[in-house]
A.B. asks: 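Input: one structure, supplied below.
No experiment lies behind these values; they were computed from the predicted model shown. Order of the sequence lines sets the chain letters (A, B, ...), proteins ahead of strands, with each chain counted from 1.
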2 protein chains.
Amino acid sequence: MRYRDENKVQAIRESAIAMVAKDGLENFGINRLAKAAGVSPATIYIYYKDKEDLLTSISIEEGLKMTTATLKGFSSDMSFKEGLWVQWKNRAAFALDNHLSAEFFEQLRNSTYKDKMVEAISDAFQSAMGNYVKNAIDRGEINEMPLEVYWSVAFAPLYSLIKFHNEGQSLGGRKFKFSEKVMKETFDCVIKGLLK
Amino acid sequence: MRYRDENKVQAIRESAIAMVAKDGLENFGINRLAKAAGVSPATIYIYYKDKEDLLTSISIEEGLKMTTATLKGFSSDMSFKEGLWVQWKNRAAFALDNHLSAEFFEQLRNSTYKDKMVEAISDAFQSAMGNYVKNAIDRGEINEMPLEVYWSVAFAPLYSLIKFHNEGQSLGGRKFKFSEKVMKETFDCVIKGLLK
DNA sequence: TTTGAAAATGAGCGTTTGCTCACTTATCTT
DNA sequence: AAGATAAGTGAGCAAACGCTCATTTTCAAA
């Protein structure tokens, strides 16, 4: 018996993430991936059934990693404001520290592969955030609202900021830079809108 | 001389939009498009230089259409709250009435093709919204902030809601449905956060 | 009615795609 | 040392890819 070389499967995974993040999902291919990972195309099919399986498997792994990072130091008993701030810091830190993973994830979230991925991850989100939001409503900190409305108001602005930062786009003349100061400024707007 | 058949070029454009919206950018191809549009592959190259030119051209057209629709009944002299509500209604109406265009646009905004597209459109956005925001700041309705922060707080939640609606995802048990009531509820949160 | 020029095409080019197979290599157990 | 088994591979298949070209079709101008 021969043991599997963990360096190999890791090289495949990391190359896939980097390739999708940098060249886009539309330019991702198995032969290309094999070359980038320094591996035979056939080797990839030892670990993954096909191209779709590879992409969805990796995206679920990365998504769970992201969800976990998001919950560091978070408890559903926290006050609404404190809890949301912890979430923002965690999410921003993850997106900036692991920006290849974050961009890979974004690519898949906007693709035909998204269904299985979202399904696998929304449970973790649901169970962690459900109680937190419910507690905040019970305590009278925020109004009752659909979870989708909550997510859209509470997190979409943050991810939009990160996107502006990563893409280096600018709506004005100078280039936009994400910073703790900008994040706090945006957070203050958001929390003001959410609190009763 | 033979005149160009406008039905043909329109069929190409509409098929391209539908195909990208439904199957994703990663499954879009010229031969496939030709078949769907009822046209020879060679015909496509009469109107577009290559695949990239086709996608960027169409995305710029659709983007400008979207920007125009967004400004219907809008004036940069409006009060901040009234102006933003007009924008929300216009943007939501466009996204729901032309959901293939909107999904096509979203696909390209998250791809390697985005650069030329964003460049072409952000001017129109800039000139229309710049004054409006500046006026609101001068009148003391909102605080001064980077345009990116403004966009992220003012519009990202709306687009997030539309995405939940179109993708039929749900964060909870029942399926989420976008409605004027939900939109107003979300708008109230956002405007409360933005106004001084 | 003829003619010229642009529109439109089907066949198919060279390349790349996702994926497989016959085979070699490495490492365990005996 | 030999045998067994899974890891890993290079070459390459069929199909699909982006794109072109020799040719035909169309129609306003002459």
Side-chain angles (χ1 to χ4, degrees), chain A residues 1-60 104 107-108 111-117, chain B residues 1-59 61 104 107-108 111-117:
Chain A
M1 230 258 286
R2 178 182 179 181
Y3 282 152
R4 69 159 58 174
D5 184 346
E6 278 302 328
N7 294 334
K8 225 140 243 178
V9 58
Q10 196 171 325
I12 293 171
R13 192 170 43 228
E14 283 174 11
S15 298
I17 292 172
M19 186 172 291
V20 170
K22 289 201 278 195
D23 304 335
L25 197 54
E26 73 274 15
N27 294 120
F28 172 82
I30 294 290
N31 290 347
R32 205 178 307 225
L33 169 62
K35 201 160 286 179
V39 150
S40 163
T43 304
I44 295 174
Y45 289 89
I46 295 172
Y47 298 104
Y48 302 101
K49 182 170 146 287
D50 54 22
K51 187 186 172 185
E52 173 170 344
D53 180 48
L54 182 147
L55 287 169
T56 53
S57 297
I58 295 179
S59 69
I60 289 174
F104 170 88
Q107 286 280 321
L108 284 194
S111 77
T112 51
Y113 298 102
K114 68 166 178 290
D115 285 348
K116 287 168 191 168
M117 186 185 91
Chain B
M1 231 261 283
R2 179 181 178 182
Y3 283 153
R4 69 159 59 172
D5 184 344
E6 277 304 327
N7 293 335
K8 223 139 247 179
V9 57
Q10 196 170 325
I12 293 171
R13 191 169 41 228
E14 283 174 11
S15 297
I17 291 171
M19 185 172 291
V20 171
K22 288 202 279 197
D23 303 335
L25 196 54
E26 73 274 16
N27 294 121
F28 172 83
I30 294 291
N31 290 346
R32 205 182 303 239
L33 169 62
K35 201 161 283 178
V39 148
S40 164
T43 305
I44 295 174
Y45 289 91
I46 295 171
Y47 299 104
Y48 301 101
K49 181 169 147 288
D50 54 21
K51 188 187 173 185
E52 173 171 342
D53 180 48
L54 183 147
L55 287 169
T56 52
S57 298
I58 294 180
S59 70
E61 284 170 27
F104 170 87
Q107 286 281 322
L108 285 195
S111 77
T112 52
Y113 298 103
K114 67 165 180 290
D115 285 347
K116 287 169 190 167
M117 187 186 91

A.B. asks: Which heavy atom in B:Ala36 sits nearest to a heavy atom in B:Met19, and how many Å separate them?
C.D. replies: CB-CE, 3.7 Å

A.B. asks: For B:Ala11, what residues pass the side chain to side chain contact (heavy atoms under 4.5 Å, CB included) criterion, not counting sequence neighbours?
C.D. replies: B:Ala37

A.B. asks: Holding to side-chain hydrogen bond (donor to acceptor under 3.5 Å, both in side chains), I want the full list of residues that pass it with A:Lys116, two or more places apart in sequence or in another chain.
C.D. replies: A:Glu52

A.B. asks: Tell me, with the steps shown, if A:Val20 and A:Ile58 meet side-chain contact (heavy atoms from CB on, under 4.5 Å).
C.D. replies: CA-CA 11 Å; A:Val20 170; A:Ile58 295 179; over 6 Å; no

A.B. asks: Which residues satisfy the side-chain hydrogen bond (donor to acceptor under 3.5 Å, both in side chains) test with B:Asp53, sequence neighbours excluded?
C.D. replies: B:Ser57

A.B. asks: Could you pull out all residues at least two apart from A:Ile44 that satisfy side chain to side chain contact (heavy atoms under 4.5 Å, CB included)?
C.D. replies: A:Ile12, A:Ile30, A:Leu33, A:Ala34, A:Val39, A:Tyr48, A:Leu54

A.B. asks: Applying side chain to side chain contact (heavy atoms under 4.5 Å, CB included), name anything that partners B:Arg4, two or more places apart in sequence or on another chain.
C.D. replies: B:Glu6, B:Tyr47

A.B. asks: Extract, from 5' to 3' on DNA chain C, the first and final nucleotides lying under 4.0 angstrom from some heavy atom of chain A.
C.D. replies: C:dT17 to C:dC28

A.B. asks: Tell me the side-chain hydrogen bond (donor to acceptor under 3.5 Å, both in side chains) pairs involving residues 34-44 of chain A, sequence neighbours left out?
C.D. replies: none

A.B. asks: Could you state the CG-P distance from B:Leu33 to D:dC19, rounded to the nearest angstrom?
C.D. replies: 12 Å

A.B. asks: With the criterion being N/O to N/O and under 3.5 Å, what pairs connect the protein with nucleotides 6-13 of chain D, and how long is each?
C.D. replies:
| from | atom 1 | to | atom 2 | distance (Å) |
| --- | --- | --- | --- | --- |
| D:dA7 | N3 | A:Arg2 | NH1 | 3.1 |
| D:dG8 | OP1 | A:Asp5 | N | 2.9 |
| D:dG8 | OP2 | A:Tyr47 | OH | 2.2 |
| D:dT9 | OP2 | A:Ser40 | N | 3.3 |
| D:dT9 | OP2 | A:Thr43 | OG1 | 2.2 |
| D:dG10 | N7 | A:Ser40 | OG | 3.0 |

A.B. asks: Which residue pairs pass the side-chain hydrogen bond (donor to acceptor under 3.5 Å, both in side chains) test when at least one of the two sits in residues 10-31 of chain B, sequence neighbours left out?
C.D. replies: A:Thr112-B:Glu26, B:Gln10-B:Glu14, B:Arg13-B:Glu61

A.B. asks: Please list, chain by chain and in numerical order, all residues satisfying side chain to side chain contact (heavy atoms under 4.5 Å, CB included) with B:Asp115, sequence neighbours excluded.
C.D. replies: none

A.B. asks: Answer with base, sugar-phosphate or nothing: what part of the nucleic acid does A:Tyr48 contact at a heavy-atom distance below 4.0 Å?
C.D. replies: nothing

A.B. asks: Where along residues 13-25 of chain B does a heavy atom fall under 4.0 Å from DNA chain C?
C.D. replies: none

A.B. asks: Could you state the CG-P distance from B:Leu55 to D:dC19, rounded to the nearest angstrom?
C.D. replies: 10 Å

A.B. asks: In whole Å, I'd like the distance from the CZ atom of B:Arg32 to the P atom of D:dC19.
C.D. replies: 15 Å

